[in-house]
Amino acid sequence: MRILVTNDDGVESPGLHALARGARAHGWDVVVAAPAQEASGTSAGLTAAAGDTRRVAVERRDVPGLDGVPVHAVAAHPGLIALLAAQGAFGDPPDVVLSGINLGANTGRAVLHSGTVGAALTASLHGARALAVSLDVELGDETDPHWDTAVAVAAGLFDRLAALPAGSVLNLNVPNRPDAGPPRRAGLAEFGAVQGRIEDTGDGTIALSAVLVEGELPPGSDAALLAEGHPTVTALRSVTEDPDLVW
């Protein structure tokens, strides 16, 4: 299996490195290509960082613990990186794309905005199976991410993922704890556990901050089960037509 590991937290993210090590330990042929700079919230945007030239700068990096694994720092958002990989920019197109491990959960319909999920959905449009992986690190508390827990839960899905039909996408969220059981299948909550809040500063700018959602989460949803301490997995489908809409 030819595997691309990417993310939206950037090529220096420990979560990215941990996921790549887990994929290699599984016996897969791994290549890493991730944004040179942090690119959270970019969805499936096909944006490069080189202005109007549409040229994408790529730089090789050396990462401890990933000897022999090609690691590329790419001046682009993760959606574009997944597209480039599908067209052979980093070697043979991947059979599987692993996106993450994201620092913070990606739950509810807000996954629409996630660069982690956006890379997975973009990859699926080009025939790859994809898994987005996120670790539920509490907002404002990034001192002790349990990357190994997320890798262990994700690795338990690797073979099942590889056996799924081409274009399948799974979204995995893992609680930030020393160990966790197998993931539970969950539907998307209407909103994620964290939402954006805006404030007019009065100086011609708008301040945007992240806040925790208050109130009861929908039972059985990804956000609710994750809050209860369970890993969750949700099958996603990319953009498609709505044959039931009457207009």
Side-chain angles (χ1 to χ4, degrees), residues 7-8 15 19 22 40-41 43-44 96-124 129-142 145-165 167-197 210-245:
N7 72 347
D8 69 1
L19 188 57
S40 297
S43 189
V96 170
V97 170
L98 303 177
S99 186
I101 300 166
N102 191 68
L103 187 66
N106 277 303
T107 59
R109 296 180 185 177
V111 298
L112 171 69
H113 308 297
S114 164
T116 302
V117 177
L121 292 174
T122 301
S124 76
R129 299 147 184 87
L131 174 67
V133 185
S134 300
L135 185 64
D136 187 25
V137 176
E138 291 186 13
L139 189 65
D141 182 11
E142 303 174 358
H146 291 283
W147 302 119
D148 289 345
T149 302
V151 171
V153 177
L157 293 173
F158 284 171
D159 288 337
R160 293 173 63 185
L161 175 68
L164 290 175
S168 298
V169 179
L170 299 178
N171 183 43
L172 174 66
N173 285 281
V174 181
N176 187 34
R177 53 197 302 178
D179 56 73
R184 297 192 181 187
R185 294 192 65 172
L188 291 176
E190 184 176 357
F191 298 102
V194 177
Q195 292 186 23
R197 173 177 293 173
V211 296
L212 292 173
V213 176
E214 298 180 356
E216 184 177 354
L217 297 167
S221 68
D222 54 355
L225 289 172
L226 187 62
E228 294 168 6
H230 305 289
T232 67
V233 63
T234 306
L236 302 179
R237 182 179 297 169
S238 190
V239 175
T240 185
E241 68 275 5
D242 182 356
D244 299 321
L245 182 64

Got a second to check how far [X]'s [atom1] is from [Y]'s [atom2], nearest 0.5 Å?
X    : Y    : atom1 : atom2 : value
N173 : D136 : CG    : CG    : 7.0 Å
L98  : L170 : CG    : CG    : 10.5 Å
S40  : L103 : OG    : CG    : 8.5 Å
T107 : D222 : OG1   : CG    : 5.0 Å
R184 : L226 : CZ    : CG    : 12.0 Å

I want to check something: taking the side chain as every heavy atom from C-beta on, are [X] and [Y] in contact at a cut-off of under 4.5 Å?
X    : Y    : answer
S238 : V169 : no
L188 : L236 : yes
S114 : S43  : no

Open item on the list: Determine whether a donor-acceptor pair (N or O, by modelled atom type, separation under 3.5 Å) exists between the side chain of N176 and the backbone of H146.
Closed with: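 Pair found, side chain donor or acceptor close to backbone of H146.
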
Open item on the list: Using a 3.5 Å distance criterion without hydrogens, assess whether the side chain of R129 forms a donor-acceptor pair with backbone atoms of A162.
Closed with: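 Yes.
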
Over all heavy atoms of both residues, which pair between [X] and [Y] is shortest? Give the atoms and the distance, please.
X    : Y    : value
P218 : A224 : O-CB, 3.2 Å
A227 : L217 : CB-CD1, 4.1 Å
S221 : A186 : C-CB, 3.9 Å
S124 : G167 : CB-O, 3.2 Å
S168 : L164 : OG-CB, 3.6 Å
I101 : A150 : CD1-CB, 3.7 Å

- [ ] Ignoring hydrogens and angles, state whether a donor on the side chain of T234 or N171 is under 3.5 Å from an acceptor on the partner side chain.
- [x]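 On atom types as modelled, these side chains do not qualify, holding no pair under 3.5 Å.
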
Open item on the list: Just to verify, which of L19, T116, N106, D8 counts as forming a side chain to side chain contact (heavy atoms under 4.5 Å, CB included) with S99?
Closed with: T116

Task: Residues which pass side chain to side chain contact (heavy atoms under 4.5 Å, CB included) with L112, listed by chain and number, not counting sequence neighbours - done: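 L112 satisfies side chain to side chain contact (heavy atoms under 4.5 Å, CB included) with no residue once adjacent residues are dropped.
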
